[in-house]
Q: 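Take this structure first; my questions come after.
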Amino acid sequence: YFSEEIFLEKTVNDWYQRLNEDQKIGQVIMPSLEANNQGDINDFIISGGGLVMTLKKEVTQETIEQLIDLNEKHNITPLLIASDAEPSLMKYRFPNSGNSFKNTNQLTDQDSTNYTATQIAEFLKSRSINLNFAPVYDNNKNQAVIGDRSFGADKLAITPLAKRFFKTLHRHNIIATAKHFPGHGNVNGDTHETLQTITGELEELETFKQAISDGILVMMVGHLNVNTTSYNTDGKPATLSPEIMQDLLREKLKFKGLIVTDAMNMGALNNFENSDLETLVTGADIALIPRDWKQLKSDIKKRLESDPVFRDHFEDKVKRVLRLKLVWNLSQNN
């Protein structure tokens, strides 16, 4: 993905030129597939959507295969299907999987981490899921929402095990994600409910810097207000802050992979208008589970017409998504 490969560059540019506007917009929106909204997701794919997240256990393998077939009829690029298949969440996401998965905090060595990551990768492949929003790089101090989803309390415990987990996923052609940048461990509450604030220093930044150094392809940004001595998002979450996504993640840390948001329908964003569009304007490549994907699609079209700076950045976003799809597709075929 990160190599200066002429073939990759040429193919991505070719794909981009062949996509119509709706198909390009569909690369930066990832709605959720649930048992009761397959028709809505069908409309999304038919109109050019290329990204879907599965959330509920009621979604069957047959349903996913139907979406893949639908995508092949209407789009030229493969469908990215995601899940947040962390070890600690497997029993909730897939209670009928037939596997017994350890929680993340129970993976204390390389062998157990490799074994569990292999189990998860093989299970995801059996369901045609190719993108995993895992592993968690946050420390375990936040018991409200992180807790046993973390590998430990500090970077010395977290980074080698998280690296093993995501490298194992990659070996099995499952794309991994580091989350929740810039760190969800040193806050007390749950961003599913309300906005949380990081104060003091960004103490967890080192783990995410290591993830970048180790070659992580996707970074999930959390809905975390930052009010530290070095960075201040002025009361907004990091997902709406160019200071965090652009200045810090892109410029200072030199991350060249894909930036995806945490779910945009979470309570932390309740008081922020037009957040689905604003996260794309301020630096995200993919808006995950927007509150209204049809409205977002319309808003993106209007912004493309009126904002040449956004139009340039939008092309870069789409090409990053296409590059990820291409690399996955090549690995899959290989």
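Along the sequence shown, the residues carry numbers beginning at 1.
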Q: For residues V281 and F272: do they belong to one hydrophobic cluster (side chain heavy atoms under 4.5 Å, members Ile, Leu, Val, Met, Phe, Trp, Tyr)?
A: no
Q: Return yes if some donor-acceptor pair links the side-chain N/O of H223 with the main-chain N/O of A263 below 3.5 Å, else return no.
A: yes
Q: Dump the intermediate steps for side-chain contact (heavy atoms from CB on, under 4.5 Å) on L51 and I29, then the final yes or no.
A: CA-CA 7 Å; L51 312 168; I29 303 172; over 6 Å; no
Q: For the NZ atom on K125, are there more than 12 heavy atoms of other groups (residues, nucleotides or ligands in this structure) within a distance under 6.0 Å?
A: yes
Q: So T104 and F165, do their side chains get closer than 4.5 Å, heavy atoms only?
A: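 Side-chain contact under 4.5 Å: no.
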Q: Check whether S241 reaches the backbone of I244 with its side chain - one donor and one acceptor, N or O, closer than 3.5 Å.
A: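 The answer is yes, because a donor-acceptor pair under 3.5 Å joins these two groups.
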Q: Taking the side chain as every heavy atom from C-beta outward, state whether M90 and Q119 have any pair of such atoms under 4.5 Å apart.
A: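 A side-chain contact is absent here, since even the closest heavy-atom pair is not under 4.5 Å.
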Q: Got a donor-acceptor contact below 3.5 angstrom from the W293 side chain to the M30 backbone?
A: no
Q: Using a 3.5 Å distance criterion without hydrogens, assess whether the side chain of T118 forms a donor-acceptor pair with backbone atoms of N114.
A: yes
Q: Do you know which of N186, T228, T229 makes side-chain hydrogen bond (donor to acceptor under 3.5 Å, both in side chains) with E201?
A: T229
Q: Has D84 got a side-chain atom pairing as donor or acceptor with F133's backbone, closer than 3.5 angstrom?
A: no
Q: Do I212 and K254 have side chains that approach each other closer than 4.5 Å (heavy atoms only, starting at C-beta)?
A: no
Q: Between H180 and H184, how do the two ring planes meet: parallel, tilted or perpendicular, split at 30° and 60°?
A: perpendicular
Q: Within the side chain of N103, is there an N or O that forms a donor-acceptor pair under 3.5 Å with the backbone of Q106?
A: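 Side chain of N103 to backbone of Q106, a donor-acceptor pair under 3.5 Å: no, none is there.
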Q: Under the salt bridge (Lys or Arg N to Asp or Glu O under 4.0 Å) criterion, do D285 and R250 qualify, and how do the steps go?
A: CA-CA 12 Å; D285 295 317; R250 287 286 187 216; 2.7 Å; yes
Q: Same hydrophobic cluster for L322 and F2, using side-chain heavy-atom links shorter than 4.5 Å among ILVMFWY?
A: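 Yes, it is one cluster - the side chains of L322 and F2 are joined through contacts under 4.5 Å.
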Q: If only atom types and distance count, is the side chain of K297 paired as donor or acceptor with the main-chain N or O of G26 below 3.5 Å?
A: no
Q: Please tell me whether M220 and L195 are part of a single hydrophobic cluster in this structure, the criterion being side-chain heavy atoms less than 4.5 Å apart.
A: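 Different clusters.
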Q: With a 4.0 Å cut-off on N to O distance, would you call K179 and E86 a salt bridge?
A: yes
Q: Would the distance check show the side chain of S150 and the main-chain N or O of G147 forming a donor-acceptor pair, the cut-off being under 3.5 Å?
A: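 Such a contact is absent between S150 side chain and G147 backbone.
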Q: Assess whether a salt bridge exists between R303 and D299, defined as any Lys/Arg side-chain N lying under 4.0 Å from an Asp/Glu carboxylate O.
A: no
Q: Are T108 and F151 side-chain neighbours, meaning at least one heavy-atom pair lies under 4.5 Å?
A: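 They are not in side-chain contact.
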Q: Would you compute the distance between atom CD of Q143 and atom CG of N188 and round it to the nearest 0.5 angstrom?
A: 10.5 Å
Q: On the 0 to 90° scale, with breaks at 30° and 60°, tag the F94-F123 ring pair as parallel, tilted or perpendicular.
A: perpendicular
Q: State, with a plain yes or no, whether a side-chain heavy atom of L33 is found less than 4.5 Å away from one of I81.
A: no
Q: So, N75 side chain and I45 main chain: donor-acceptor pair closer than 3.5 Å or not?
A: yes
Q: Would a distance-only check, ignoring hydrogens and angles, find a side-chain to backbone donor-acceptor pair under 3.5 Å from N37 to S32?
A: yes
Q: With distance as the sole criterion, is a donor-acceptor pair present between the side chains of K236 and T282 under 3.5 Å?
A: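 Short answer, no.
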Q: Using distance alone, with no hydrogens and no angle criterion, decide if T77 and K325 have a side-chain donor and acceptor under 3.5 Å apart.
A: yes
Q: So, do N130 and L80 sit near enough that their side-chain heavy atoms are less than 4.5 Å apart?
A: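 N130 reaches L80 side chain to side chain.
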Q: Does some side-chain heavy atom of N105 sit less than 4.5 Å from a side-chain heavy atom of R149?
A: no
Q: Measure across N139 and A153 and return the closest heavy-atom pair with its distance rounded to 0.1 Å.
A: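 For N139 versus A153, the nearest heavy atoms are CB-O, 3.5 Å.
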Q: Compute both the distance and the angle, then confirm whether K24 meets the cation-pi test with Y16: under 6.0 Å from the six-membered ring centre, within 45 degrees of the axis.
A: yes
Q: Is a donor from one side chain sitting under 3.5 angstrom from an acceptor on the other, for E65 and Q61?
A: yes
Q: Would you say the side-chain atoms of Q196 and T194 include a donor-acceptor pair closer than 3.5 Å?
A: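 Their side chains do contain a donor-acceptor pair, which is all the 3.5 Å distance test asks for.
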Q: Check the surroundings of atom NZ in K256: do more than 12 heavy atoms from other residues, nucleotides or ligands lie under 6.0 Å from it?
A: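 No, the 6.0 Å shell around NZ holds no more than 12 heavy atoms from other groups.
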Q: May I ask you to say whether D40 pairs ionically with K294, meaning some side-chain N is under 4.0 Å from a carboxylate O?
A: yes
Q: Can you name the one residue among N142, L224, V145 that meets side chain to side chain contact (heavy atoms under 4.5 Å, CB included) with T191?
A: L224
Q: Any donor-acceptor pair under 3.5 Å linking the side-chain atoms of T233 with those of N225?
A: yes
Q: State yes or no: do V260 and L269 share one hydrophobic cluster built from I, L, V, M, F, W and Y residues joined by side-chain heavy-atom distances below 4.5 Å, directly or via other members?
A: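 Not linked; separate clusters.
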Q: Do I146 and L202 belong together in a cluster built from hydrophobic side chains that touch within less than 4.5 Å?
A: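 As far as the 4.5 Å side-chain criterion goes, L202 and I146 are not connected within one cluster.
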Q: Can you check whether L217 reaches H170 side chain to side chain, under 4.5 Å on heavy atoms?
A: yes
Q: Look at E9 together with R323 and state whether they make a salt bridge at an N to O cut-off of under 4.0 Å.
A: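 R323 and E9: salt-bridged.
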Q: Closest heavy-atom contact between G49 and L79?
A: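 Looks like O-CD1, 4.2 Å.
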